[in-house]
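Each chain gets a letter, A, B and so on, in the order its sequence line appears, and its residues count up from 1.
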Amino acid sequence: MQIKVPRGTYDILPPQSSKWHYLEKILRETAEVFGYREIRTPIFEHTELFERGVGESTDIVSKEMYTFADKSERSLTLRPEGTASCARALIEHSAYSGLLPVKWYYMGPMFRYDRPETGRYRQFHQFGVEAFGSLSPYMDAEVIILLVEILHRLGLKDYELHLNSVGCPKCRRAYREKLISHIKPVKDLLCPDCQGRYEKNPLRVLDCKNEACHAAIKGYPVLYDSLCDECREHYAEVRKALSDNQVSYIHDDNLVRGLDYYTNTAFEVHIPGIGAQSAVGGGGRYNGLVKACGGPDIGGVGFALGMERLLLALAEGEEEKAGIVDVFVAVMDRQYEDIGVKILTDLRRAGIKADKDYTGKSPKGQMKHADKLGVKMAILLGEDEVKNSFVTVRDMISKEQYQVGHRELIDFIKRHIKA
RNA sequence: GUGGAUGUAGCUCAGCUGGUCAGAGCACCAGAUUGUGGCUCUGGGGGUCGUGGGUUCGAGUCCCAUCAUCCACCCCA
């Protein structure tokens with residue numbers, strides 16, 4: 001049996017890898033414009049980190065983690081998301097004791113054992129940012145503005161930003177009570193999933209897509225109405241900051257993020273038309289996280305973007321047609337191949353992207369190859385050239401040919417590439 | 001995890017009710033009078049028809065299982 005990639009994983013080959021480079025470049029540049037710097041953490045961590053940092057009741061921890069025991073029987077887990085690792089690193093290196101806020105970005109593979117489909121993989125890639133050590137609503141606004149700026153730079157205009165506040169533990173507890181007493185009488189009408197949610201995390205019943213559940217809980221109390229003054233004020237300031245900076249959003253009472261450590265601001269970005277998995281990113285404030293992981297009581301805000309989903313949204317866009325290399329060295333007679341190799345090396349050492357044939361193609365075949373690589377110029381080397389110490393440079397677009405001495409070749413090529 | 005669809009050359013797909021059904025287009029390679037590309041023409045390589053069983057005289061074509069992909073649910077990136 002042929003060995004294939006494991007379920008939910010895939011290879012990224014050229015030319016697709018070029019699209020990744022493009023995406024990565026935009027993400028990096030934009031984050032750096034906003035003053036974030038890159039952090040790289042291990043791809044696996046102690047299982048406990050995610051259990052504590054993400055929350056035992058979440059789908060991620062309860063059923064989606066790639067957990068394994070290493071040879072010393074340590075329980076390790078392939079990271080399902082990036083925030084917990086950042087919090088761990090922040091604490092481990094006491095990064096919070098320096099200049100605040102600590103502003104980091106990361107990108108890389110994440111792992112979740114879930115049913116694969118378009119836009120959802122078991123090994124997928126996220127880009128995320130985290131800002132630790134600020135409680136300011138302007139900090140919340142900054143990460144959202146950054147997120148929107150990234151979409152803008154990627155040319156993605158057709159998105160929806162959903163925004164809500166899930167309050168602090170205090171107001172959420174009050175809300176939870178209200179919600180439970182509202183649902184209790186109709187509990188039996190809910191779908192089995194929601195019955196389970198009712199026990200574990202009643203807030204999750206709200207965003208159940210099931211019609212029957214929706215009908216059953218009709219008229220349910222809204223979280224916003226239970227926010228304490230402080231949380232309400234914070235949310236108002238975030239909204240004002242967004243409006244002041246021309247970021248449009250949709251207030252969404254039903255937006256309840258699945259991760260336990262979120263407080264106050266929660267947001268999610270959807271791009272319609274990329275399949276069922278339309279959420280390209282989401283995030284929010286998580287004031288309880290660092291402390292829950294054993295660090296000081298400092299807050300944080302951040303978001304994560306799904307890179308596969310961004311690429312999916314980008315797919316309609318421009319196709320990069322740049323040549324793979326700029327120059328192709330073709331030998332008209334195999335006996336001069338060694339000279340061709342020397343010329344090729346000279347070109348490359350001068351920083352000129354160049355290649356040659358290595359399959360013994362005929363002169364014609366070599367020209368075809370050159371054409372397929374999309375080179376600007378071909379260097380032809382045959383008997384005439386060798387005997388008279390020059391090479392023929394063919395402009396593949398204008399078809400003009402030039403006789404150039406070896407000494408002037410590099411300069412000639414460089415000038416010609418620019419033109 | 002639940003339900004449904006699909007799985008034939010590198011890619012996109014034909015192949016009706018089981019018996020020249022192993023094909024096309026694209027891609028790749030080689031030629032079209034011998035030192036040169038993009039068009040056209042000709043030829044060529046390449047597939048245990050996802051995998052494993054079963055039914056049958058005979059199975060891409062029927063049945064079962066399994067793996068994978070896709071869709072819906074769930075959830076999120």
Side-chain angles (χ1 to χ4, degrees), chain A residues 1-10 13 54 58-64 79-83 107-128 147 191-194 196-197 201 204 207-211 213 255-259 268-271 274-283 303-313 328-336 357 359-387 391-397 399-401:
Chain A
M1 241 285 257
Q2 194 193 23
I3 298 175
K4 295 184 181 156
V5 288
R7 179 160 209 215
T9 68
Y10 62 100
L13 280 54
V54 178
T58 60
D59 283 4
I60 293 178
V61 172
S62 62
K63 55 188 190 194
E64 296 175 358
R79 63 181 188 191
E81 55 98 59
T83 303
M107 70 174 100
M110 304 294 165
F111 305 83
R112 259 124 94 160
Y113 188 89
D114 203 344
R115 191 114 188 225
E117 61 179 298
T118 303
R120 170 191 283 159
Y121 303 92
R122 288 183 173 179
Q123 174 174 339
F124 61 103
H125 298 77
Q126 281 189 339
F127 164 86
L147 169 47
C191 66
D193 280 343
C194 281
R197 292 187 187 118
N201 188 351
R204 305 291 304 285
D207 55 2
C208 179
K209 310 284 190 296
N210 194 313
E211 292 283 340
C213 295
L255 174 59
V256 183
R257 308 231 81 236
L259 279 47
E268 222 169 84
V269 180
H270 290 262
I271 294 186
I274 60 170
Q277 307 310 323
S278 64
V280 295
F303 68 75
L305 285 168
M307 294 173 70
E308 281 79 3
R309 293 180 186 178
L310 287 174
L311 253 10
L312 225 42
F328 193 87
V329 178
V331 295
M332 300 293 105
D333 189 320
R334 289 279 48 122
Q335 67 173 297
Y336 304 126
D357 164 63
T359 64
K361 285 190 176 76
S362 64
K364 182 179 181 149
Q366 292 178 62
M367 292 307 286
K368 280 194 174 188
H369 189 165
D371 190 51
K372 279 165 192 159
L373 291 181
V375 301
K376 297 185 175 80
M377 278 164 284
I379 289 176
L380 306 169
L381 194 63
E383 194 177 354
D384 277 3
E385 285 83 354
V386 172
K387 287 198 169 144
V391 296
T392 296
V393 177
R394 178 179 176 85
D395 182 313
M396 296 296 277
I397 294 149
K399 297 183 182 177
E400 281 181 87
Q401 300 199 160

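- Its glycosidic angle being more than 90° from 0, G15(B) falls on the anti side.
- Listed nucleotides: A77(B), C70(B), G1(B). Nearest to the side chain of Thr118(A): C70(B).
- Atom pair Phe111(A):CZ and A77(B):P shows a separation of 16 Å (rounding to whole Å applied).
- Base pairing of U20(B): no nucleotide in any strand meets the Watson-Crick or G-U wobble criterion (both distances under 3.5 Å).
- Comparing the C1' positions of G53(B) and U12(B) gives a spacing of 31 Å, expressed to the nearest Å.
- Rounded to whole Å, the C1' atom of A22(B) lies 12 Å from the corresponding atom of A14(B).
- Gly82(A) comes within 4.0 angstrom of no nucleic acid atom, judged by non-hydrogen atoms across all strands.
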What does the list of N/O pairs under 3.5 Å between the protein and nucleotides 26-32 of chain B look like, with a distance for each?
residue	atom	partner	partner atom	Å
C29(B)	OP2	Lys372(A)	NZ	3.2

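- A side chain to side chain contact (heavy atoms under 4.5 Å, CB included) with Val280(A) holds for exactly one of Leu312(A), Leu311(A), Val269(A); it is Val269(A).
- Looking at which nucleotide of RNA chain B each of Asp384(A) and Gly281(A) is closest to, the 5′-most match is held by Asp384(A).
- Between the C1' atom of A77(B) and the CE atom of Met307(A) lies a distance of 11 Å, rounded to the nearest Å.
- Proximity note for Leu380(A) (side chain, C-beta onward) versus G37(B), U36(B), U69(B): the nearest is U36(B).
- For the residue pair Lys364(A) / Ser362(A), no side-chain donor-acceptor distance below 3.5 Å is found, with atom types taken as modelled.
- Going from atom NZ of Lys4(A) over to atom P of G7(B) covers 14 Å, rounded to whole Å.
- With both ends at atom P, the span from A65(B) to G25(B) equals 38 Å, rounded to whole Å.
- Remark: the separation of the C1' atoms in C21(B) and C16(B) is 12 Å, to the nearest Å.
- Residue Gln366(A) is classed as having no contact, given no heavy-atom separation below 4.0 Å to the nucleic acid.
- Rounding to the nearest 0.5 Å gives a distance of 11.0 Å between CD1 of Ile379(A) and CD of Glu385(A).
- Relative to the side chain of Pro116(A), the nucleotides C70(B), A77(B), C75(B) differ in distance, and C70(B) lies closest.
- Checked by distance alone, Gln401(A) brings a side-chain donor or acceptor within 3.5 Å of a matching partner on the base of U36(B).
- Side-chain atoms of Glu385(A) and base atoms of G35(B) include a donor and an acceptor less than 3.5 Å apart.
- Taking the P atom of each, A59(B) and C63(B) are spaced 15 Å apart, rounded to whole Å.
- With both ends at atom P, the span from U6(B) to G43(B) equals 37 Å, rounded to whole Å.
- The distance between atom CD of Glu64(A) and atom C1' of A77(B), rounded to the nearest whole Å, is 11 Å.
- Across the protein-nucleic acid pair, Ile60(A) atom CD1 and C75(B) atom C1' stand 9 Å apart, rounded to whole Å.
- Defined by atom type and a distance below 3.5 Å, a donor-acceptor pair is present between the side-chain atoms of Glu308(A) and Tyr10(A).
- With both pairing distances under 3.5 Å, C11(B) is matched to G25(B) as a Watson-Crick or G-U wobble pair.
- In this structure, a donor-acceptor pair under 3.5 Å is absent between the side chains of Gln126(A) and Glu81(A).
- Interatomic distance, CZ of Arg112(A) versus NZ of Lys63(A), reported as 12.0 Å (0.5 Å rounding).
- Interatomic distance, Phe127(A) CZ to Met307(A) CE, rounded to the nearest 0.5 Å: 8.5 Å.
- Using N1 to N3 plus N6-O4 or O6-N4 for Watson-Crick, or N1-O2 and O6-N3 for G-U wobble, each under 3.5 Å, C49(B) pairs with nothing.
- The residue Phe127(A) sits apart from the nucleic acid: no heavy atom pair falls under 4.0 Å.
- The gap from the C1' atom of G47(B) to that of G15(B) amounts to 15 Å, rounded to the nearest Å.
- Nucleotide C70(B) holds its P atom 11 Å from the CG atom of Leu312(A), rounded to whole Å.
- Here A68(B) presents its P atom at 16 Å from CZ of Arg120(A), a figure rounded to the nearest Å.
- Nucleic acid contact class of Gly119(A) (heavy atoms, under 4.0 Å, all strands): base.
- By the 6.0 Å and 45° rule, Arg122(A) stacks over the aromatic ring of Tyr113(A).
- Contact annotation: Arg394(A) side-chain N/O to G37(B) OP1/OP2 distance is not under 4.0 Å.
- One atom, CG of Asp357(A), and another, P of U36(B), lie 15 Å apart when rounded to the nearest Å.
- The base of U69(B) has none of its N or O atoms less than 3.5 Å from a complementary donor or acceptor on the side chain of Arg115(A).
- Figure legend. G58(B) is base-paired to no nucleotide; pairs are counted as Watson-Crick or G-U wobble with both atom distances under 3.5 Å.
- Checked for salt-bridge contact, Asp395(A) and Lys376(A) miss the test: no charged N lies under 4.0 Å from a carboxylate O.
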I would like to know whether Arg334(A) and Asp357(A) meet salt bridge (charged side-chain N to carboxylate O under 4.0 Å, His left out); could you show each step before the answer? CA-CA 11 Å; Arg334(A) 289 279 48 122; Asp357(A) 164 63; 3.6 Å; yes
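- Across C71(B), U36(B), A77(B), the shortest atom-to-atom separation from the side chain of Glu117(A) is found for C71(B).
- Pair assignment for U69(B): A5(B), on the basis of Watson-Crick or G-U wobble contacts that are both within less than 3.5 Å.
- Using C1' as the reference atom, C29(B) and A9(B) are 15 Å apart when rounded to the nearest Å.
- Residue whose closest nucleotide on RNA chain B sits further toward the 5' end, between Gly382(A) and Arg7(A): Gly382(A).
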